Each structure stands twice: as C-alpha cells, then as structure tokens.
S.K.: 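I'd like to ask some things about the structure below.
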Amino acid sequence: MNKKLYITTAIPYVNGKPHIGHALDYLLADIWARYQRQNGHEVRFQAGTDEHGNKIAAKAAEAGIEPKAYTDSTYVNFENLMKKVGASYTDFVRTTDPHHMQSVQYIWQKLQPYIYKGSYEGWYCVGCEAFVSDKEAAANNGVCPDHNQPYQRLSEDNYYLKASAFTDKVTEAIKSDQIKIVPEFRKREFLELIKDGLQDVSISRPKKSLSWGIPVPGDPDQVMYVWLDALSNYITVIGYPDQSVWQDYWPADVQVVGKDIMRFHAGLWPAMLLGLGLELPKKLLVHGMINAGGTKMSKTIGNVVEPNQVIDEYGVDAFRYFFSRHIPTLEDGDFTWEKFESAYNTELANDLGNVIQRVAGMITRYQSGVIGEVPEGEHDMTAYHNAMENLEFDKAIDEVWLMIRSLNQYIENVKPWEIAKKVGKESEAEAHLTEVLNNSVGALIQIGDLLVPFLPAVAEKIHRVFKSGSIVATEGVLFPRIYKHTTDPNAPKA
RNA sequence: CGCGGGGUGGAGCAGCCUGGUUAGCUCGGAUGGCUCAUAACCAUCAGGUCGCAAGUUCAAAUCUUGCCCCCGCAACCA
C-alpha cells in the first residue's frame, strides 16, 4: 500500500496578471508530482487563488462591479496558466469558495485560545484608506505618492494570533528537519530571523478598513486579514475539517513557495497548525526569483517576461525545459530571450531532437523501421534520483543530458552506417547492426522515462516512436530550430 | 561589528564542508573528423594571478585572519 502524497503551491493574489514566478511555482510542483506518480504513488496536487482584501475591492470598484464578480473574471487567468504549463493539479481552491470560508471560520474558532485583541499601529494614508508598511513609508519619505499627503501614525483594533507561544516548537521542528526547509541556507536564514522568537501576527482588521474578507466569528466589526484566510487553503482544499479524506493527505509532503513568502510558511503557518493540533508539513521547497538579464523584472523597466508568450512561441515543453534546467531550482535564476533560445536550439533541437531523429532514421533506413528485442537501458541514474529526492530538479535533468551526450558518443564510436555497408558481405554484420540500434533505442526509452516528470509530452512521443516494435513516424521533427531572438549561424550573410 | 548568499578562463556554473592526480562542466571561439541525423553529431585546441593581502602547512580555489566589491533579506509585503 503506497502512501498518499500531497504537494501544494502558493496561492497567488488575483489582482494582477499571472507572471513567470507563478509559472515556476506550478512547474516545480508538477515535476515532483509527476515523478512521484511515475514511481507508483498517488499524488494530490493543490493550487488556488487568494481573492480577498482591499486591493481586490478597489479594483472591483474601479470596474464598477462586485468584488466576487471581479475575482470570478480574473482567477481563471491563473487556472489557465496552470493548464498551460501542463501542471497536473488535482485541486483548485479559491478563497471565496463557500467551503473554504466556512472552514476558515471553524479554524478561527478552534484557534480561539491563541487569539487575543490588540491594537495595530502603523503609517496610514487617509487618501488610500490603508496602512502601508514601515518599509514602504520610509521608501516614500513618509509621503504617499498617490495622494501627496504625509502618512499619519494611527492605531486600530486587531485580533492577533499568539504565534509567539509556538516559538520553541517551531524552532525545534525546523532545526530537527521535522519541517525540512530546502535549501539548507534558507533554513539557517529563517532560524536566524526567529532567534528572538516568533512575533504575534495581526489576523484581522476593523470592517471599516477592510470590507472584502471572511467575517470574524462572533465579532461583526472585524474581518479576517489575509494570512489566516490564505494559509488555511492548504487544508481546507482537501476537506478539512468536515471531510475525513483530508487525513489521508495531511501533512503535506512538499509545500512549494517563493523565497519572498517563506517566513509565513515557516513561521506563522506551523504556528497555526500547532494551534489546531495538526501535523506539520514535511518539506518546504523554497525557490528563488527569476531575474531578466540580471535585474529584477519590473513593469517600470519593462523587462517583464510573460509566461504565456514563451509558451506560445516555443511550446510548453521548451518552457518546462528551460525553467526546470536553467533556472536553478533552489536559487535565483536569470531569463533572457537569448539564453532561452540558445538552450532551445542547442540542447532541445541539436541534442535531444536530433538524436531521436538520428536513431529513428537509421532504423527506418537499415531495418525498414523494424525494432527487435530492445535491451533495458542500463545507464546508472543514481545521481538523477538523488537529485530528485533532494528537490534539485535542475541537477536531475542535467543527468539526462549527460546521457544524451553519451548516446551520441556511442553512435559515433560504433558507426552503424559503416556496419550497414558490410551487411550482406560479412556474416556478423546484420546481427551487430541490430544490436547497436537496439542499444540506442534502449537508451532512448530510458531517456524518455527520465523525462516524464519534466517534459511529459516529449517523453510520450519518444515512447510512441520507439516502443511498439517498429518506428512510428513523427509528425515533423521534434523541436525545429527557431531564430527569433538570436541569429542563425548558418544563415547566408545578407 | 544586523542576517544570509556570492566574487573561479568571453558568458553561466561545479569544486570548498572531509586541504594533495594535469582546477571540472555547459555555451561561445578555432581546427579537424564523420555523413546516420534538424548544416546536426564526434574529437582536439586556445583561453583562468580560482576578488585582494597575509597566515597555517611538505602542500590551499579548498583551512584561518583582515580588507574590497556585488546581490538578497531586515516581520504583517500574497
């Protein structure tokens, strides 16, 4: 009986368009999910959207519609992106779902022993009717740029979650890897951050300053603030607390988050779980940010890369390839169109696409497309599996390309085209040729297996071409070379 | 002395923890080979004061100390 596995992704706030970071979140979780399924595990894979808060309400007001109507129209952008990157998610939760909202209210009540009323003090802009963070206030020199008015120091009533009560337990859980934060340096970073204890967190706002949210049970004047609402999605989506099936999946095996929100997932969220008497997630995969040409992507600079554009121009497999291999799983990465296209042309077209064509072509030409008894690929893939277990997906896929390279070297060494010339002249030649080609097919099938988590469509194509006993013709070449952002080295000079 | 990451041939990285073969890999460049393949593939070569300085040692990219530079983070920001 295989254990049922559960992986989660952060739920994005739906006031903007999906960006490349969301796509990365989805992709990393999907690679893990597919890998585990390939190994016989049942995997539940959550995704969703965060739909409450003032920014949403403001956007909706701008558009002259109700907040819910607004999120109804925008959340699909995120679900569509999931589909577009080929993410094999099983659940999609919206924080405006009735079940989620009811469950969060239940969670609030269950956390009562750790909730107290306090006051929140901060910089407030009357024009925005909102608090800004100290950081933002400082960055703007204490003056709201939108309203050209100085921020005021105000305080208001809030409910707080006593996260501080769980400092020791959370610290211990992280130190002992009960919650394993990957990579290791993020774990150290976070432990350092909380060495003076977890801070209590404000989890509500007065209704007058936050109208669009889940009502606080028993206090009509207060509405829940984002964190309690949003973080709860990880358990409400699998049925907590009313559908007992959630117990088959919780605790989550992996929770994928960006480094910017690690602290909430490593601090506040475990505190909430402990308060609820639930188990802690096993691993927190903290990935980095994607830069564009060495600098942060920003609308102002205009260097934002649209995941949809990448996929439309090069296909989903090319997208998955680049972001799983060339964006380091655990660190910041860098995207440029030149890098992307170069990886596409040299690695996908020249290496992988070509070797498939090469082997298929020889079998078609020398053996009329008939594939005989294919030996199991024997390449040692320990490094690949270790990397997968360690959540270093970029390292794992590197191994696949080492194997592609060695297949090319093998073909170069044994020279099947020379053996082919001897067929009919030397008695051993035909058997030898078959053996060589079948070895190549065996290697390709193994490569296909290893690509299943990363490039599922390509893996399927490889298997379709080589697994049926005779070559199945592909519709055109895999990964035709593309030159949109780089110059074709073979192009005739103008 | 706030915390963390990093500075290795043109570019991007590995190696550092557990000092010791000619500092490894990919891209790019040059030359050659091959002709089965998407003018693809394979081989060879060029190119590095391993940020700077001092120290430990028979021996340091690798350990210690000091300094310089770059990048994140610095709690309610999704």
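Every chain is numbered from 1 and lettered A, B, ... according to where its sequence line falls, protein lines coming before strand lines. Model, not experiment: these values are computed from the prediction.
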S.K.: Can you see if the side chain of A:Q357 gets near the phosphate of B:U38 - specifically, an N or O under 4.0 Å from OP1 or OP2?
M.R.: yes
S.K.: Looking only at atom types and distance, does a side-chain atom of A:D200 sit under 3.5 Å from a main-chain N or O of A:S164, one as donor and one as acceptor?
M.R.: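 At least one qualifying donor-acceptor pair exists.
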S.K.: Taking only the side-chain heavy atoms of A:N350 (C-beta and beyond), determine which of B:A43, B:A78, B:A40 contains the nearest atom.
M.R.: B:A40
S.K.: Within the structure shown, what part of the strands sits under 4.0 Å from A:L193 by heavy-atom distance: base, sugar-phosphate, or nothing?
M.R.: base
S.K.: Nearest to the side chain of A:F185 - B:G5, B:U38, B:C36?
M.R.: B:G5
S.K.: Is the side chain of A:T9 donor-acceptor paired with the backbone N or O of A:D25 at a distance under 3.5 Å, no angle test?
M.R.: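 Side chain of A:T9 to backbone of A:D25, a donor-acceptor pair under 3.5 Å: no, none is there.
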S.K.: Is the distance from OP1 or OP2 of B:A37 to the nearest side-chain N or O of A:R365 less than 4.0 Å?
M.R.: yes
S.K.: Please state whether the phosphate of B:C77, meaning OP1 or OP2, lies under 4.0 angstrom from any side-chain nitrogen or oxygen of A:Y225.
M.R.: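 Yes.
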S.K.: What distance, rounded to whole Å, do you find between the two P atoms, one in B:A37 and one in B:C17?
M.R.: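 Pairwise P distance, B:A37 against B:C17, rounds to 49 Å.
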S.K.: Determine the Euclidean distance between corresponding P atoms of B:G20 and B:C1; express it in Å to zero decimal places.
M.R.: 35 Å
S.K.: For A:R405 and A:D50, take the nucleotide of RNA chain B holding the closest heavy atom to each; which residue's nucleotide lies nearer the 5' end?
M.R.: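 Its nearest nucleotide being more 5', the pick is A:R405.
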S.K.: Hydrogens and angles aside, do A:Y314 and A:E341 bring a side-chain donor and acceptor to less than 3.5 Å of each other?
M.R.: yes
S.K.: Spell out, as yes or no, whether a donor-acceptor pair under 3.5 Å connects the side chain of A:T329 to the backbone of A:D394.
M.R.: yes
S.K.: Please confirm whether the backbone N or O of A:N233 pairs with a side-chain atom of A:Q46, one donor and one acceptor, at under 3.5 Å?
M.R.: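 Absent.
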S.K.: I want to verify a distance call: between B:C77, B:A78, B:A43, whose nearest atom is closest to the A:W227 side chain?
M.R.: B:A78
S.K.: Can you classify the ring geometry of A:F340 versus A:Y344 as parallel (below 30°), tilted (30 to 60°) or perpendicular (above 60°)?
M.R.: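 Parallel: the ring planes of A:F340 and A:Y344 meet at under 30°.
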S.K.: Rounded to the Å, how far apart are A:I203 CD1 and B:A75 C1'?
M.R.: 16 Å
S.K.: Would you classify A:K415 as touching base, sugar-phosphate or nothing, given that sugar-phosphate means primed atoms plus P, OP1 and OP2, and contacts are heavy atoms under 4.0 Å?
M.R.: nothing
S.K.: Please give the distance between the C1' atoms of B:A53 and B:G7 as a whole number of Å.
M.R.: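 Taking atom C1' in both B:A53 and B:G7, they lie 16 Å apart.
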S.K.: Hey, does the side chain of A:H22 reach the backbone of A:H19 with a donor-acceptor pair shorter than 3.5 angstrom?
M.R.: yes
S.K.: So, for A:H265 and A:Y234, is the gap between ring centers shorter than 6.0 Å?
M.R.: yes
S.K.: Between B:C41 and B:C36, how far is it from one C1' atom to the other, in whole Å?
M.R.: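 B:C41 and B:C36 have their C1' atoms separated by 10 Å.
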S.K.: Counting distance alone, no hydrogens or angles: does the base of B:G5 have a donor or acceptor under 3.5 Å from a partner atom on the side chain of A:E189?
M.R.: no
S.K.: Round to the nearest Å and state the distance from A:K395 atom NZ to B:C13 atom P.
M.R.: 12 Å
S.K.: For nucleotides B:G6 and B:G51, find the distance between their C1' atoms and express it as a whole number of Å.
M.R.: 11 Å
S.K.: Which nucleotide in the list B:G33, B:A37, B:U26 gets nearest to the side chain of A:E412?
M.R.: B:G33
S.K.: Expressed in whole Å, how much space separates the C1' atoms belonging to B:C63 and B:G19?
M.R.: 7 Å
S.K.: Please give the stem ranges for RNA chain B, sorted by first residue number, where a stem is three or more consecutive Watson-Crick or G-U pairs and both donor-acceptor distances are under 3.5 Å.
M.R.: B:2-7 with B:68-73, B:10-13 with B:24-27, B:29-33 with B:41-45, B:51-55 with B:63-67
S.K.: Do A:F322 and A:F335 make the cut of ring centroids closer than 6.0 angstrom?
M.R.: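 Yes; A:F335 has its ring centre under 6.0 Å from that of A:F322.
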S.K.: Would you mind classifying the nucleic acid contact of A:Y366 as base, sugar-phosphate or nothing, using non-hydrogen atoms under 4.0 angstrom?
M.R.: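 Result for A:Y366 = sugar-phosphate.
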S.K.: Compare the minimum distances between each of B:C3, B:C36, B:A78 and the side chain of A:E192, then state the nucleotide with the smallest one.
M.R.: B:C3
S.K.: Taking the same atom, C1', in B:A61 and in B:C52, what whole-Å distance lies between them?
M.R.: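 These two C1' atoms come out 14 Å apart once rounded.
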S.K.: Whole angstrom is fine here: how far is it from CH2 in A:W401 over to P in B:A14?
M.R.: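 Spelled out: CH2 on A:W401 to P on B:A14 is 20 Å.
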S.K.: At 4.0 Å (heavy atoms only), tell me whether A:D260 reaches a base, stays on the sugar-phosphate, or touches nothing.
M.R.: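 Base, at least one base heavy atom under 4.0 Å.
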S.K.: With rounding to the closest Å, how many angstrom separate the C1' atoms on B:U8 and B:A23?
M.R.: 9 Å
S.K.: Reckon A:K195 touches a base, only the sugar-phosphate, or nothing at all at heavy-atom distances under 4.0 Å?
M.R.: nothing
S.K.: Could you walk me through whether A:N158 and A:I203 satisfy the side chain to side chain contact (heavy atoms under 4.5 Å, CB included) test, starting with their C-alpha distance in whole Å, then the side-chain angles of each, then the deciding distance to 0.1 Å, before giving a yes or no?
M.R.: CA-CA 7 Å; A:N158 280 189; A:I203 52 172; over 6 Å; no
S.K.: Looking at every strand, decide which applies to A:G197 at a 4.0 Å heavy-atom threshold: base, sugar-phosphate, or nothing.
M.R.: base
S.K.: Is there a side-chain contact between A:R188 and the phosphate of B:G5, meaning an N or O under 4.0 Å from OP1 or OP2?
M.R.: yes
S.K.: Assign A:T346 to base, sugar-phosphate, or nothing according to its heavy-atom contacts below 4.0 angstrom with the strands shown.
M.R.: sugar-phosphate
S.K.: Base, sugar-phosphate alone, or nothing: which one does A:A230 contact when heavy atoms must sit under 4.0 Å apart?
M.R.: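 No contact.
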S.K.: Which part of the nucleic acid does A:N408 contact within heavy-atom distance under 4.0 Å: base, sugar-phosphate only, or nothing?
M.R.: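 Sugar-phosphate contact only.
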S.K.: Rounded to the Å, how far apart are A:E399 CD and B:A14 P?
M.R.: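 Rounded to whole Å, this separation is 15 Å.
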S.K.: Roughly how many Å is it from CD1 in A:I404 to C1' in B:A37, rounded to a whole number?
M.R.: 14 Å
S.K.: Choosing from B:C76, B:A40, B:A78, which nucleotide comes nearest the side chain of A:Y160?
M.R.: B:C76
S.K.: Quick check for you: among B:C42, B:A78, B:C36, whose closest atom lies nearest to any side-chain atom of A:W417?
M.R.: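 Closest nucleotide among those given: B:C36.
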S.K.: Do the side-chain N or O atoms of A:R481 get closer than 4.0 angstrom to the phosphate oxygens (OP1, OP2) of B:A40?
M.R.: yes
S.K.: Could you tell me how far apart A:L402 (CG) and B:U26 (P) are, to the nearest whole angstrom?
M.R.: 8 Å
S.K.: Which is more 5' along RNA chain B, the nucleotide nearest A:G353 or the one nearest A:S342? Just name the residue.
M.R.: A:S342
S.K.: Any side-chain N or O of A:R263 under 4.0 Å from OP1/OP2 of B:A74?
M.R.: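 So the side-chain polar atoms of A:R263 do come within 4.0 Å of the phosphate oxygens OP1 or OP2 of B:A74, strictly under.
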S.K.: Are A:E347 and A:Y321 linked by a side-chain donor-acceptor pair shorter than 3.5 Å?
M.R.: yes
S.K.: Figure out the NE2/C1' separation between A:H326 and B:C27, and round it to whole Å.
M.R.: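 Going from A:H326 (NE2) to B:C27 (C1'), I get 9 Å.
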S.K.: Could you give the CZ-to-C1' distance, from A:F340 to B:C27, as a whole number of Å?
M.R.: 16 Å
